[in-house]
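FYI, the numbering just counts along the sequence from 1. Below, each value reflects all heavy atoms present in this structure, side chains not excepted, and no hydrogens, waters or symmetry copies.
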Amino acid sequence: MGDANFAFFLLFLLPAFLLALLYFLVRPRPVKIPIKNRHVFITGGSSGIGLALAHRAAAEGARVSILARSPEKLEEARNAIRLATGIEVAAFAADVRDFDAVKRAVDDAGPIDVLLLNHGVFVALELEKMELSDVKFTMDVNLMGTLNLIKAALPAMKNRNDPLPASIALVSSQAGQVGIYGYVAYSASKFGLRGLAEALQQEVIADNIHVSLIFPPDTDTPGLAEENKRKPELTKIIAASSGSMKADEVAQKALDGIKCGNFIVSCNFEGIALSLATAGLSPQRSFLMAFLEVVAAGILRIVALGMQWTWYGSIEKYHSQRKGAS
């Protein structure tokens, strides 16, 4: 009888108690963020994931603005969206590193309900071989560019007349959850977005603004195809452990996560596992996801150590082969 009681406690009462506790603990509370008939402002919107996001947001009835550096690519993007959806989008040419230019674009676009920060640059190269100018460029675009956009848009977002919840969404990367060989500068810039997002959520929650952090894997875009030609061999080996996705698939996952107000938005199975393994002190709205984070933490740590064992094994094998060849 004692064994039966213990099994009942372990299998039913303990999980039920944990679920009830997590339902009480999770913060911020769940929220739904509509995008239909609302202003969605997308950076890096002229190609890749940004263009796919613009397509989907426009198709769902949002008023869309896109920002990128190239006026020519912006015009091509506008035409593509018009042909696909019959909807006109606004386009603004600006370099995200230039706060004054960004501020003018944001002011011209009008009050923003969903700020989707998708811009980014990517150079896969060992730090020793990188020029410091490339490191600085990566940081300035990926991190400082994001801060510039938020700084420019936040006052109007806080003072909006719309009572519905607003969103600030940051597109990071799975390389912003785990460091990868050859991604030193890129990972540093994308890891920085996580700290930015966690702190920002605390600052804007009272204004009914909700932050999302999106972690796509390698995504089939023209930029990735170009970078793959220059990636170090070890980077290709390690990065191959997480599959790639199409830009349209990432865009759908991202928009779904934003509309649900999710703080962490994963895009594939590997991304969900990474998010569970790296949850740490991040906000969590879903008590069910919080339950998975708590229950899976120990197991996923073992899985993570196994991945590191594989990666470091690949690195050791690669360097041994090079030494043998020389």
Side-chain angles (χ1 to χ4, degrees), residues 43-44 47-49 69 95-98 117-149 170-199 213-245 267 270-271 273-275 277-278 280 282 301 304-326:
T43 66
S47 64
I49 295 172
R69 281 182 294 177
D95 188 326
V96 297
R97 296 173 295 170
D98 183 342
L117 303 168
N118 166 74
H119 61 273
V121 293
F122 170 58
V123 178
L125 197 64
E126 294 93 339
L127 179 62
E128 185 180 6
K129 298 177 182 177
M130 287 188 77
E131 298 292 336
L132 281 177
S133 58
D134 290 332
V135 175
K136 186 176 185 301
F137 178 63
T138 301
M139 295 294 182
D140 285 347
V141 173
N142 295 357
L143 190 54
M144 281 306 303
T146 299
L147 285 163
N148 284 340
L149 262 299
L170 290 67
V171 177
S172 180
S173 163
Q174 287 181 0
Q177 295 174 289
V178 59
I180 300 294
Y181 184 101
Y183 287 10
V184 171
Y186 183 70
S187 281
S189 69
K190 292 298 187 177
F191 266 86
L193 293 182
R194 182 167 190 146
L196 188 166
E198 290 183 4
L213 191 56
I214 301 156
F215 291 108
D218 279 352
T219 305
D220 293 332
T221 63
L224 180 68
E226 189 61 31
E227 280 302 326
N228 280 338
K229 299 175 184 176
R230 296 180 285 179
K231 272 184 183 177
E233 192 61 34
L234 272 172
T235 305
K236 295 178 183 177
I237 293 169
I238 294 172
S241 60
S242 179
S244 65
M245 294 178 67
C267 297
E270 292 87 351
L274 267 176
S275 296
T278 60
S282 293
R301 179 56 180 156
L305 290 171
M307 290 174 66
Q308 293 288 343
W309 179 82
T310 302
W311 293 345
Y312 278 96
S314 297
I315 293 168
E316 290 169 8
K317 181 180 178 180
Y318 176 80
H319 286 294
S320 295
Q321 289 174 342
R322 287 193 64 190
K323 288 177 181 177
S326 60

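Looking only at distances, a side-chain donor or acceptor of Thr235 sits under 3.5 Å from a matching main-chain atom of Tyr181. Side-chain N or O atoms of Thr138 include none that pairs as donor or acceptor with a backbone N or O of Tyr186 at under 3.5 Å. The main-chain N or O of Glu131 is never found under 3.5 Å from a side-chain atom of Lys136 such that the two would form a donor-acceptor pair. In this structure, Asn118 contributes its side chain and Gly44 its backbone to a donor-acceptor pair below 3.5 Å. Checked by atom type and distance alone, the side chain of Ser187 never pairs as donor or acceptor with a backbone atom of Gly179 at under 3.5 Å. Panel note: side chain Asp140, backbone Gly145; no donor-acceptor pair is recorded below 3.5 Å. Using a distance-only test at 3.5 Å, with no hydrogens or angles considered, a donor-acceptor pair links the side chain of Thr219 to the main chain of Pro217.
Considering only heavy atoms from C-beta on, Ile180 comes within 4.5 Å of Trp311 through its side chain. Side-chain contact between Leu234 and Glu126 is absent, with no heavy atoms from C-beta onward closer than 4.5 Å. Counting heavy atoms from C-beta on, the side chains of Leu149 and Val96 come closer than 4.5 Å. Here the side chains of Arg69 and Asp98 are not in contact, with every heavy-atom distance at 4.5 Å or above. Annotation: side chain of Gln174 is not in contact with side chain of Cys267 (no heavy-atom distance under 4.5 Å). Taking 4.5 Å as the limit, some side-chain heavy atom of Leu143 sits within range of a side-chain heavy atom of Leu196.
In terms of the salt bridge (Lys or Arg N to Asp or Glu O under 4.0 Å) criterion, Arg301 has no residue partners (sequence neighbours excluded).
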Trace of the side chain to side chain contact (heavy atoms under 4.5 Å, CB included) decision for Phe215 with Glu270:
CA-CA 10 Å; Phe215 291 108; Glu270 292 87 351; over 6 Å; no

Evaluate the criterion side chain to side chain contact (heavy atoms under 4.5 Å, CB included) for residue pair Val178 and Thr278; output intermediate values, then yes/no.
CA-CA 9 Å; Val178 59; Thr278 60; over 6 Å; no

Please report the C-alpha distance between Thr310 and Met307 in whole Å, then the side-chain angles of each, then the deciding distance to 0.1 Å, and finally whether the side chain to side chain contact (heavy atoms under 4.5 Å, CB included) criterion is met.
CA-CA 5 Å; Thr310 302; Met307 290 174 66; 5.6 Å; no

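In this structure, Ala175 and Tyr183 approach most closely via the heavy-atom pair CB-CD2, 3.5 Å.
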